[in-house]
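Following: one structure in structure tokens, then a few remarks.
Please read all numbers here as calculations on a predicted model, not as lab measurements. All values below were derived from every heavy atom in this structure, side-chain atoms included, with hydrogens, water molecules and symmetry-related copies excluded. Throughout, numbering of the chain's residues begins at 1 and tracks the sequence.
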Amino acid sequence: MIVTVTPNPSLDRTARLVELRRGEVNRAEAVRLDPGGKGVNVARALAAAGTPTVALLPAGGLVGDRLADLLAPEGVPVVAVPIAGTTRSNITLVEADGTTTKINEPGPEISPAELATLERRAVELAARGEWLVCCGSLPAGVPDDFYARLTKLARDAGAKVAVDSSGAPLAAAVAGGPDLLKPNLDELVELAGRPLPLLGDVVAICRELVDGGVGSVLVSLGARGAVLVEPTETRHALGPLVAVRSTVGAGDAALAGFLHAGGTGPRALRTAVAYGTAAVTQEGSRMPTPEDVHPDQVRVLDADPTLTLSGAAA
């Protein structure tokens, strides 16, 4: 079983526009509502692939209830920790050329008692699972080292840990030495504190992370695919060119594909890129199903250190 933890889930409303015109009335061609949050998306993709999973999340108010209702038809078991605040709602605007604009609410404040319950339930579930997947931003009231703490507790319980976050929570998680770190290019640049214009630069910082105690690093590179740096091997994978409908959740789908295919090695990398590629062809934050995914169309290559990555983060 793969357990996902999403401390700051959301209800995602996606509106499709021909073109976003600032300062004007914009009329949507279509609107869809999806359960959201990085860990929620990972669980959705895993459930669609038939991989046993459970989504742990705090839930409050009518939005929190609606989130659980939307996950039920997708076959995602939910363990909800009740909170006094209201689960956030996010808005995504997708233009005809695939340009995506997100407006994310900060989320409710989590009390110390609510956080303690969330942590306890995460450890209980981790003891029954293979992976604990810590995903997304942290709402107010949750310390930056939350994922680092969960990493230690989950590993003590016998689970492997993957972390997909950004900013201070990602930096703090590195010190905990998770088995897998899954940033995108922008997040890795922020973590490194310097530009990473070439694939060789990305591999170098990932190698530093692995040498420092992180098990492996999977970096999604948008149109440039993804790179996987493991202790003894580095590989780069490229998917086919596709028409982009929405980039929301593509990195989450890639992480789900990677874990679904075993969480290590070239096959998992190929599957990750296939899932990420399939995700950008979906409407809103809809996760791909196995029928949407084509690993045979993904090329796994030696990492070319001279490959330019400018503008490739997603």
Side-chain angles (χ1 to χ4, degrees), residues 4-45 55 57-74 76 78 80 83-110 135-142 164-167 169 184-187 190 220 222 243-256 276 278-288 313-314:
T4 69
V5 183
T6 310
N8 205 10
S10 62
L11 194 62
D12 287 356
R13 185 179 298 276
T14 302
R16 176 167 290 279
L17 315 170
V18 174
E19 180 183 3
L20 176 62
R21 294 183 174 88
R22 294 181 59 193
E24 299 182 22
V25 174
N26 290 267
R27 300 192 183 279
E29 293 183 321
V31 177
R32 62 175 292 129
L33 196 63
D34 293 291
K38 296 182 74 63
V40 169
N41 288 337
V42 172
R44 293 167 67 201
L57 49 89
L62 294 176
V63 176
D65 293 340
R66 181 64 173 143
L67 186 62
D69 291 342
L70 287 171
L71 285 169
E74 297 192 39
V76 178
V78 175
I83 60 173
T86 298
T87 301
R88 64 181 177 154
S89 296
N90 294 336
I91 299 172
T92 301
L93 305 176
V94 181
E95 299 175 64
D97 64 357
T99 300
T100 302
T101 303
K102 293 200 69 178
I103 303 171
N104 289 350
E105 294 183 5
E109 182 168 355
I110 306 295
C135 291
S137 62
L138 299 179
V142 180
D164 183 357
S165 190
S166 60
N184 65 27
L185 180 55
D186 286 340
E187 292 160 352
E190 183 180 16
S220 55
V244 176
R245 289 185 174 179
S246 173
T247 59
V248 178
D252 309 330
L255 176 55
V280 301
T281 68
Q282 310 301 312
E283 295 285 351
S285 59
R286 178 180 176 270
M287 289 292 101

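Between Gly39 and Thr6, the shortest heavy-atom contact is CA-OG1, 3.0 Å. When every heavy atom of Leu67 is checked against every heavy atom of Pro9, the shortest pair comes out as CD2-CB, 3.7 Å. In terms of heavy atoms, Ser137 sits closest to Arg88 at OG-NH2, 4.0 Å. Taking every heavy atom of both residues into account, Pro108 and Asn8 meet most closely at CD-OD1, 4.0 Å. Nearest heavy atom pair, residue Asn41 against residue Gly249, reads ND2-CA, 4.1 Å.
In this structure, Thr99 and Val94 have side chains that are not in contact, with every pair of non-hydrogen atoms separated by 4.5 Å or more. Taking the side chain as every heavy atom from C-beta outward, Pro7 and Pro139 approach each other to under 4.5 Å. When side chains are defined from C-beta on, Cys135 does not count as touching Asp252, because their heavy atoms never get closer than 4.5 Å. Side-chain atoms of Leu93 and Thr100, non-hydrogen and from C-beta on, never get closer than 4.5 Å to each other. Looking at heavy atoms from C-beta onward, Val5 lies out of side-chain contact with Leu57 at the 4.5 angstrom threshold.
For the atom pair Lys38 NZ and Ser165 OG, the distance stands at 8.5 Å (nearest 0.5 Å).
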Query - Steps toward side-chain contact (heavy atoms from CB on, under 4.5 Å) verdict (Arg16, Arg245) - result: CA-CA 9 Å; Arg16 176 167 290 279; Arg245 289 185 174 179; 3.4 Å; yes

Requested in this report: Check the pair Arg32, Asp12 against side-chain contact (heavy atoms from CB on, under 4.5 Å), reporting the backbone distance first and the verdict last.
Outcome: CA-CA 8 Å; Arg32 62 175 292 129; Asp12 287 356; over 6 Å; no

Requested in this report: Output, in order, the C-alpha distance, side-chain angles, deciding distance and verdict of side-chain contact (heavy atoms from CB on, under 4.5 Å) for Arg13 and Ser89.
Outcome: CA-CA 8 Å; Arg13 185 179 298 276; Ser89 296; over 6 Å; no

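Inspection of the Asn90 and Ser10 side chains reveals an N or O donor paired with an N or O acceptor under 3.5 Å.
For Val244, the side-chain contact (heavy atoms from CB on, under 4.5 Å) test picks out Thr247, Val280, with sequence neighbours left out. With sequence neighbours left out, Glu74 forms a side-chain contact (heavy atoms from CB on, under 4.5 Å) with Pro35, Arg44, Val76.
A donor-acceptor distance shorter than 3.5 angstrom exists from the side chain of Ser246 to the backbone of Val248, with no hydrogens or angles considered. Checked by atom type and distance alone, the side chain of Glu95 never pairs as donor or acceptor with a backbone atom of Leu17 at under 3.5 Å.
Across Thr87, Leu33, Asp34, a single residue satisfies side chain to side chain contact (heavy atoms under 4.5 Å, CB included) together with Leu11, and that is Leu33.
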Distance-only donor-acceptor hits, side chain of residues 22-31, under 3.5 Å, sequence neighbours excluded:
unit_1: Asn26; atom_1: OD1; unit_2: Arg21; atom_2: N; d: 2.9
unit_1: Asn26; atom_1: ND2; unit_2: Arg21; atom_2: O; d: 3.0
unit_1: Asn26; atom_1: ND2; unit_2: Glu24; atom_2: O; d: 3.0

